[in-house]
Amino acid sequence: MSEENKVTVVIPTYNRAHLIHQAIDSVLKQTHQYWNLLIIDDASTDHTKEIIETYQKQNDRITYFCMPQNMGIGHVLNKALQLVKTEYMLQLDSDDWLEEQCIEKLLNAMEKEPHSTALAYGKYMRWRSLDKRKLRKAESFHSDKKCKLLTSGTVYPRFYRTSCLRYVNGWDVSDYYGGRHLEDLQIMYKLIEHYNFHWVDEYLYNLSRLNKERLTKKVNVYKYNELRKDLVIKKLNEWGCGYTPEFVYNGRWLNVRLKE
């Protein structure tokens, strides 16, 4: 494979100076070393900038951009999309970390896929404590079966074809929370209208549930549930799926079932 940098890892962050080391270090340890790292800071008030500057002195492939004001994850990712110059864009949340072969496995997979594949992802490990973890799998989704995606949760890691993100005009920030929540499912719903998704049967990502200040903390759960319910109803109507949605709760979280 060419040694050209084809991948930009994008780390959106806000006040994660105490956590972001692990995410950055996991990029530096990748078996595939031809990458760019773009860190987009949503106007942090802690010492995130100083942490990143330390890394930049050691590696010139790391770029840091700070938003002029706090605007939310949707705006941050749209800014990243403006700045990314590579064929692929891999999103890494600032409290998570990659497995060492993540870029290598996903890049190899996407290079074999047609341009009608917009997103590749793998299996991930969800950590609830340092000694409690749960392996999560997924499946591939295709545009002609897009209604099935509405019953699925988000996927990790999300390895996008940059041109596909641009074709759908990036992340929607017009909802009543200004694109601050559920950006992952929202962009997947936009992409599946035109493209296919490819699942790689490899454990590639570590999803942290150790940070109590994450966006999905308890106080925000109702926002995610509200947005998801509205999105599912909207997409069922737009796509003409012929299903009736059934909304049930698994603990605090909304699950979706489709009834004929």
Side-chain angles (χ1 to χ4, degrees), residues 72-74 77 91 93 95-96 118-129 132-160 168 171-260:
I73 184 69
L77 290 171
Q91 182 180 343
D93 291 341
D95 54 346
D96 297 339
L119 173 63
Y121 46 91
K123 294 184 290 191
Y124 65 94
M125 195 73 77
R126 185 177 66 188
W127 295 84
R128 290 201 172 278
S129 69
K132 288 185 179 180
R133 58 185 184 174
K134 188 170 185 179
L135 184 64
R136 292 294 188 180
K137 295 189 177 183
E139 61 180 297
S140 296
F141 293 95
H142 298 274
S143 57
D144 61 341
K145 305 284 186 183
K146 56 182 173 284
C147 295
K148 189 175 181 182
L149 181 63
L150 297 174
T151 66
S152 173
T154 192
V155 297
Y156 298 93
R158 294 186 290 279
F159 188 93
Y160 299 105
V168 300
W171 283 261
D172 186 6
V173 293
S174 64
D175 64 71
Y176 30 85
Y177 295 117
R180 289 182 176 273
H181 306 288
L182 210 73
E183 89 292 342
D184 45 7
L185 287 181
Q186 179 267 126
I187 193 64
M188 289 170 65
Y189 294 167
K190 288 183 77 173
L191 289 170
I192 200 66
E193 293 179 354
H194 307 279
Y195 301 105
N196 299 326
F197 300 166
H198 178 69
W199 175 56
V200 176
D201 189 9
E202 299 274 358
Y203 164 48
L204 300 174
Y205 193 90
N206 294 277
L207 176 67
S208 174
R209 287 294 178 257
L210 308 176
N211 175 26
K212 294 181 180 179
E213 293 305 311
R214 63 185 185 273
L215 285 175
T216 53
K217 59 188 178 182
K218 288 183 179 180
V219 69
N220 287 329
V221 169
Y222 79 93
K223 298 176 185 177
Y224 285 88
N225 290 341
E226 181 182 19
L227 285 168
R228 188 177 185 196
K229 184 175 181 179
D230 288 352
L231 264 175
V232 167
I233 293 171
K234 178 182 177 182
K235 292 304 176 184
L236 283 173
N237 290 332
E238 288 181 356
W239 297 345
C241 294
Y243 294 104
T244 300
E246 181 179 42
F247 301 106
V248 295
Y249 285 87
N250 179 13
R252 295 176 291 120
W253 292 99
L254 183 76
N255 283 355
V256 180
R257 299 173 184 166
L258 299 179
K259 299 174 64 178
E260 294 187 10

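Using a 4.5 Å heavy-atom threshold, the side chains of Tyr205 and Val155 count as separate. Considering only heavy atoms from C-beta on, Glu193 comes within 4.5 Å of Trp239 through its side chain. Counting only heavy atoms from C-beta outward, the side chains of Tyr176 and Glu226 approach each other to under 4.5 Å. With a 4.5 Å cut-off on side-chain heavy atoms, Leu236 and Pro245 count as touching. Within the 4.5 Å cutoff, no side-chain heavy atoms of Asn255 are placed close to those of Tyr249. Under the 4.5 Å side-chain criterion, counting only non-hydrogen atoms from C-beta, Thr154 is not in contact with Tyr121.
For the atom pair CG of Asp175 and NZ of Lys234, the computed distance is 9.5 Å after rounding to the nearest 0.5 Å. Of the inter-residue distances, the one linking Leu77 atom CG with Asp184 atom CG reads 10.0 Å to the nearest 0.5 angstrom. The structure places OH of Tyr243 at 9.5 Å from OG1 of Thr151, a figure rounded to the nearest 0.5 Å. Here Leu150 contributes atom CG and Phe141 contributes atom CZ; the two are 9.5 Å apart, rounded to the nearest 0.5 Å. Taking CD1 from Ile192 and CD1 from Ile187, the interatomic distance works out to 12.0 Å, rounded to the nearest 0.5 Å. For the atom pair NZ of Lys229 and CG of Leu254, the computed distance is 7.5 Å after rounding to the nearest 0.5 Å.
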Tell me, with the steps shown, if Arg180 and Lys223 meet side-chain contact (heavy atoms from CB on, under 4.5 Å). CA-CA 10 Å; Arg180 289 182 176 273; Lys223 298 176 185 177; over 6 Å; no
Report the C-alpha separation of Phe159 and Leu204 in whole Å, then their side-chain angles, then the decisive distance to 0.1 Å, and conclude whether the side-chain contact (heavy atoms from CB on, under 4.5 Å) test is met. CA-CA 11 Å; Phe159 188 93; Leu204 300 174; over 6 Å; no
Using the side-chain contact (heavy atoms from CB on, under 4.5 Å) rule, take Leu119 and Tyr195 through it: C-alpha gap first, then chi angles, then the decisive distance, then the call. CA-CA 8 Å; Leu119 173 63; Tyr195 301 105; over 6 Å; no
Start with the C-alpha gap between Asn225 and Arg228, add the side-chain angles, then the distance that decides, and say whether side-chain contact (heavy atoms from CB on, under 4.5 Å) holds. CA-CA 5 Å; Asn225 290 341; Arg228 188 177 185 196; 5.9 Å; no
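The aromatic rings of Tyr222 and Tyr177 sit perpendicular, their planes meeting at an angle over 60°, well past the 30° parallel limit.
Screening Trp199, Tyr124, Tyr203 for a ring-ring contact (aromatic ring centres under 6.0 Å, His included) involving Tyr156 leaves a single residue, Tyr124.
Closest heavy-atom contact between Pro157 and Gly122: CD-N, 3.7 Å. In plain terms, the two heavy atoms of Phe197 and Met188 that are nearest each other are CZ-O, 3.3 Å. Between Gly74 and Val173, the shortest heavy-atom contact is C-CG1, 3.7 Å. Of all heavy-atom pairs spanning Trp171 and Lys190, the tightest one is C-NZ, 4.5 Å.
Between the side chains of Asp172 and Tyr189, no donor-acceptor pair of N or O atoms lies under 3.5 Å.
Using a cut-off of 4.0 Å between Lys/Arg side-chain N and Asp/Glu carboxylate O, Glu238 and Lys235 are scored as salt-bridged.
Although no hydrogens or angles enter the test, the distance criterion places no donor-acceptor pair under 3.5 Å between the side chain of Asn206 and the main chain of Met125.
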